[in-house]
Amino acid sequence: MTELKIDQVARTFPARQGHAPTRALEPIDLNVRNNDFVTILGPSGCGKSTLLRIVAGLDRPTSGRVILDGQEVTGPGADRGMVFQSYTLFPWLSVRENIAFGLRERGVSEADRGKIADGFIDRVGLSGFENHWPKQLSGGMQQRTAIARALANDPKILLLDEPFGALDNQTRVLMQEMLLGIWERDQKTVLFVTHDIEEAIFLGSRVIVMSARPGRIKAEIAVDLPHPRSYKIKTTPEFVSLKERLVEEIRAEALKVAVHA
Amino acid sequence: MIRPLDPVTSRQRAAYGLAFFVLFVAVWAWATFGGYVSKTFLANPLTMLQEGWELLTTHGFLFDIGMTIWRVVGGFVLATIIAVPLGVLMGAYKPIEAFMEPFVSFARYLPASAFIPLLILWAGIGELQKLLVIFIGSVFQIILMVTVTVGNTRRDLVEAAYTLGAGDRGIINRVLLPSSAPEVAEILRLVLGWAWTYVIVAELIGSSSGIGHMITDSQALLNTGQIIFGIIVIGLIGLISDFLFKAFNAWLFPWKLA
Ligand SMILES: Nc1ncnc2c1ncn2[C@@H]1O[C@H](COP(=O)(O)OP(=O)(O)OP(=O)(O)O)[C@@H](O)[C@H]1O
Ligand SMILES: [Mg+2]
């Protein structure tokens with residue numbers, strides 16, 4: 001059973017050369033239960049990546065702490081898999097080797113690595129590309145590989161930072177369905193950051209809305225749509241009304257950013 | 001029409017490259033055969049070839065070439081073996097970099113040729129002295145450039161590796177090294193080119209063999225044909241080693257080209 005507790009986590013980036021310090025995150029409290037799919041929605045620059053990096057252990061909070069299964073997070077580790085906003089496949093490794101990276105680090109035998117990697121290659125629909133270099137893949141394929149790479153490690157929690165942000169709309173929808181399909185089948189605790197309202201509702205069991213900088217949790221909205229979900233759900237009245245609510249919440253925040261800018 | 005950054009085919013590239021050599025020889029032939037330059041100062045291409053042939057057949061010039069190549073390669077390999085691991089350590093661990101970098105930067109500006117008199121004093125005029133000149137000329141350059149390359153490894157890749165459970169060894173062996181390897185190979189190719197200039201200087205002073213020694217001998221006899229032949233041989237060997245290095249790098253790092 002996985003339980004993630006974000007306890008009064010705040011982050012201020014120190015001042016630099018006459019600029020005031022950046023308050024990226026106000027103290028944030030959030031609990032994520034086992035197999036929960038939580039989406040975090042917020043305008044650009046509100047500290048979504050910062051929050052996720054703190055959970056991953058890549059950044060330290062100025063105050064507060066992150067607790068995973070009773071243990072305080074003090075650094076990065078294989079129990080928290082991360083998919084980044086930018087493309088971060090290792091360019092010198094093939095798709096299969098990229099996916100097996102964490103397994104090899106853990107000392108899994110070569111035969112087992114191959115088997116596990118091939119299973120995930122199949123699941124993210126990259127059969128036929130296992131020996132390609134990242135450079136030879138489209139953006140969508142690269143992010144699918146990155147998801148497979150994180151999943152192959154069997155982390156307790158999967159952290160995704162706008163993984164589909166740079167993709168075109170059609171590809172993004174396909175990727176959302178793929179990710180949701182994997183979650184529905186395998187169950188996994190997921191923290192998913194996005195600034196796309198439809199994406200947040202479609203994927204999440206709960207949507208956390210963050211305010212403009214400094215980031216705070218502004219609202220939390222449960223998404224009680226049935227599973228398995230397909231893209232058709234996006235036109236149901238329940239979906240549309242959720243969307244309207246979130247548009248209002250987000251719009252207020254986006255306006256704040258625009259006024260300050 | 002030529003437009004900025006438009007590529008050329010490999011056939012065109014070869015033809016253009018060759019054309020310049022042809023042009024160069026043509027101008028040289030025109031200046032010498034036409035009598036615009038005195039024979040004492042510059043031999044014509046034909047004389048140069050004749051002298052070169054004589055060097056190879058009767059003066060054992062092949063042995064000199066072999067000696068020079070061995071000195072360059074020996075000194076260069078020695079420098080590489082020491083400089084690359086040091087550079088990787090300095091790039092990966094900032095305290096080590098802080099400790100070593102200022103001194104290495106200082107040492108880099110000491111001209112290798114200025115060490116020759118000292119090295120002769122220390123190591124005599126044997127092979128060790130020649131190797132040391134190449135070594136001193138290359139080692140600090142390689143250390144510094146490798147340090148910078150390793151230090152510039154994409155942080156997001158390092159972070160990705162951390163979230164996949166990599167430890168310090170994993171980060172160095174499986175991220176820093178492979179991501180820097182192609183650039184390190186390029187650095188070595190560049191420094192090997194410089195090593196060629198050091199070796200000739202080392203051979204000009206206190207040497208009994210090598211291309212540089214042959215050039216000093218020919219200078220005493222005012223044989224410009226031989227001097228030019230020697231210089232051209234150096235250029236050709238450099239061109240060939242560069243080509244081999246490039247081909248080897250391309251073969252070693254296919255992901256870079258894909
Ligand atoms: N290393 C850093 N040093 C200083 N300031 C930083 C640093 N990283 C982030 N910030 C600041 O913190 C704030 C939040 O950044 P963050 O990247 O978390 O936003 P985000 O919500 O992920 O935005 P986006 O949706 O555009 O990715 C921004 O104002 C940013 O300028
Ligand atoms: Mg971000």
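Numbered from 1 within each chain, the chains take letters A, B, ... in sequence-line order. Everything quoted here is computed from the prediction, not taken from an experiment.
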* Of the non-hydrogen atoms in A:F101 and B:L164, which two are nearest, and what is the gap between them? -> CD2-CD1, 3.8 Å

* Asked: Where do A:E105 and B:G167 come nearest, in terms of heavy atoms and distance?
  -> OE2-N, 3.8 Å

* Asked: Does atom CZ of B:F63 have more than 12 heavy-atom neighbours, drawn from other residues, nucleotides or ligands, at distances under 6.0 Å?
  -> no

* **Per-residue contact mode, A:R104 against chain B (heavy atom under 4.5 angstrom)** => both

* Could you walk me through whether B:L177 and A:W92 pass side-chain contact (heavy atoms from CB on, under 4.5 Å), step by step? => CA-CA 11 Å; B:L177 285 183; A:W92 55 90; over 6 Å; no

* Would you call A:S94 and B:W255 a side-chain contact if the rule is heavy atoms closer than 4.5 Å? -> no

* B:K94, NZ atom: more than 12 neighbouring heavy atoms under 6.0 Å -> yes

* Heavy-atom proximity to chain B below 4.5 Å, by part of A:R106 -> neither

* Go through the steps to decide whether B:L157 and A:Y87 satisfy the test side-chain contact (heavy atoms from CB on, under 4.5 Å), and finish with yes or no. => CA-CA 9 Å; B:L157 295 185; A:Y87 299 130; over 6 Å; no

* **Exceeds 12 heavy-atom contacts within 6.0 angstrom, atom CD of B:Q12** => yes

* Structure fact -> Max heavy-atom pairs within cutoff under 4.5 Å with chain B, candidates A:G77, A:G102, A:S86, A:P155, goes to A:G77

* **pair A:R53-B:E159: side-chain heavy atoms closer than 4.5 Å** => yes

* **B:E183 atom CD, over 12 foreign heavy atoms within 6.0 Å** => no

* **Toward chain A, the part of B:R154 with a non-hydrogen atom under 4.5 Å** => side chain

* Asked: Around A:K5, counting heavy atoms of other residues, nucleotides and ligands shown, do more than 12 lie under 6.0 Å from its NZ?
  -> no

* Other residues, nucleotides, ligands: >12 heavy atoms within 6.0 Å of A:Q71 CD -> no

* Asked: Checking heavy atoms, do the side chain of B:A181, its backbone, both or neither come under 4.5 Å from chain A?
  -> neither

* **Residue among A:N153, A:V83, A:L58 with most heavy-atom pairs under 4.5 Å to chain B** => A:L58

* Stepwise side-chain contact (heavy atoms from CB on, under 4.5 Å) check, B:T163 with A:F84 -> CA-CA 10 Å; B:T163 65; A:F84 293 80; 4.2 Å; yes

* Count the heavy atoms of every other residue, nucleotide or ligand shown that sit under 6.0 Å from CZ of A:R206, and state whether that count exceeds 12. => yes

* Under 4.5 Å from any heavy atom of chain B - which part of A:L103 -> neither

* Crowded around A:R65 CZ? As in, over 12 foreign heavy atoms under 6.0 Å? -> no

